[in-house]
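Below is one structure, written out as structure tokens; the observations come after it.
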There are 2 protein chains.
Amino acid sequence: MGMGRPREFDAELALDQAMEVFWRHGYEGATIAQLTEAMGINPPSLYACFGNKEGLLKAALDRYTKLRNIWMEEVVAAPTARAVAERMLMGIADKQTDPANPPGCLLVQGGIACGSGSENVPFELAARRAQNEDQLRDRFVRAKAEGDLKPTSDPAALARYVSAVSVGMGVMASSGADREALRQVASVAVQAVEAQSADKT
Amino acid sequence: MGMGRPREFDAELALDQAMEVFWRHGYEGATIAQLTEAMGINPPSLYACFGNKEGLLKAALDRYTKLRNIWMEEVVAAPTARAVAERMLMGIADKQTDPANPPGCLLVQGGIACGSGSENVPFELAARRAQNEDQLRDRFVRAKAEGDLKPTSDPAALARYVSAVSVGMGVMASSGADREALRQVASVAVQAVEAQSADKT
DNA sequence: CCACATCTGTAGTGAACACTACATATCTGG
DNA sequence: CCAGATATGTAGTGTTCACTACAGATGTGG
């Protein structure tokens, strides 16, 4: 029994192209024709490799969140809660306006509302956003334990807040906000975290 | 020359139903079949009255923003910048989790990313969100002139910030966040505005 | 070289989509 | 009561969609 004809395209490279299409047009707005053209393959190759359109999205999300989680590790490595928030939001301002990618964030652009038959796509994206929120929460719990955040602060609420701001920035970026505008938002947003930080005296 | 057969349905009532469908499924996810069923009419009536699907969306957005602007007037009537932010974000936490409506905000759920042929839909929504941001900015400009906000504060950045937070809250609401979670976000977010407020001594 | 397994390109499939032709119904103005 | 104008319901239109049948190509194990 043989092992069959080998694949002629690089799956990860193709995923990068598919990611960009989903990022720009959303799950429902992206068509198989656009995806296959961007990936440089024909539909049967796509379906053999990823199952269906939703499978392709999940694979693209896996790749996206994998890279993103590596970056989040650097973010939560910042020394204080305030520095974590600043590093995250300023970094997001830069990433979401990086001309190498479509504006905004795939976890938002992918699909906030979907039609019948794709109802679980928004949930899928929300679940991935929640992962980042959990990382932030864990970091803020630690900050509170270390006395970096006030004893009255709520780490989970702070994490939700930072997550909400980053989502809002993503929407703004996708509708044309430039880097400076996003940095201003980040700069203001950080002050709420600072207000929850213990006084340095 | 006669005036023709009168319309048999209430256009504003039908718009309310269409609004809910767009709100729940987004522009691309909403089908004409769903819309006509919810509106209780047949396709020719829809097209005679609203032109096409995008015309129906714009009419629904007009209605939505009209009601919203009335509420925004109440928001900016609050006595201080901090109170404005609090009234707005707390109100949004309640509105976006009102069981009478789909969760989130139509100006976000309507469509952040769209496929080819509907590229201007996200712009249309962004333009309406920008209206609210402008109202906030004007209010914060006044607050700065009144000495309510610090001389170093940036009213435009503050308005962008509050707008970004409300968008982020909308996305969270649509993916299942409950009222209490949103209120916590709002509560934290207000502290950034407070940090830009002049000291009360 | 052969049996088998997997991939690839061509060329479609049925279904769902936004939208409409048309006949009929219901109004106003004269 | 008639002529013109607009609305309505039925029943479609062509197009685009996600997805696939099939035949040929390209690999492995014996």
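Labels below follow one simple rule: chain letters A, B, ... track the order of the sequence lines, proteins then strands, and each chain is numbered from 1. All values below were derived from every heavy atom in this structure, side-chain atoms included, with hydrogens, water molecules and symmetry-related copies excluded. Small disclaimer: the values here were computed from a predicted structure and weren't measured.
Of the side-chain N and O atoms in B:Tyr47, none sit less than 4.0 angstrom from OP1 or OP2 of C:dT20. Close to D:dT8, at under 4.0 Å from its OP1 or OP2, lies a side-chain N or O of B:Ser45.
Atom C1' of nucleotide D:dA7 and atom CE of B:Met39 are separated by 14 Å, given to the nearest angstrom. One interatomic measurement links the two molecules: CG of B:Leu46 to C1' of C:dT20, which rounds to 13 Å at whole-angstrom precision. Nucleotide D:dC19 holds its C1' atom 13 Å from the CG atom of A:Leu35, rounded to whole Å. As a whole-Å value, the separation of B:Glu8 CD from D:dA5 P is 21 Å. For the pair B:Arg7 CZ and C:dT28 C1', the interatomic distance rounds to 16 Å; values are reported in whole Å. Taking atom CD of A:Gln34 as the reference point, atom C1' of D:dT16 lies 12 Å away to the nearest angstrom. In this entry the distance linking CD1 of A:Ile32 with P of C:dA15 reads 19 Å, nearest Å. Taking atom NZ of A:Lys53 as the reference point, atom P of D:dA18 lies 4 Å away to the nearest angstrom.
For the residue pair B:Gln96 and B:Asn101, no side-chain donor N or O sits within less than 3.5 Å of a side-chain acceptor on the partner. Using modelled atom types and a 3.5 Å distance limit, the side chains of A:Gln196 and A:Thr152 yield no donor-acceptor pair.
Figure legend: A:Arg7 and A:Phe9 shown as a cation-pi pair, the cationic atom lying under 6.0 angstrom from the six-membered ring centre and within 45 degrees of its axis.
The side chain of A:Asn52 approaches D:dC19 more closely than any other nucleotide in the set D:dC19, C:dC19, C:dT10.
With DNA chain C read from its 5' end, the first of the two nearest nucleotides for A:Asn42 and B:Ala30 is the one closest to A:Asn42. Nucleotides of DNA chain D nearest to A:Gly4 and B:Pro44 differ in position, and the one nearer the 5' end is that of B:Pro44.
Here the side chain of A:Trp23 pairs a donor or acceptor atom with the backbone of A:Gly104 at under 3.5 angstrom.
The base of C:dC27 has none of its N or O atoms less than 3.5 Å from a complementary donor or acceptor on the side chain of B:Arg5.
Using a 4.0 Å cut-off between charged side-chain N and carboxylate O, B:Arg128 and B:Asp62 make a salt bridge.
Residue B:Pro6 is in sugar-phosphate contact alone, with no base atom involved, counting any heavy-atom pair closer than 4.0 Å across all strands shown.
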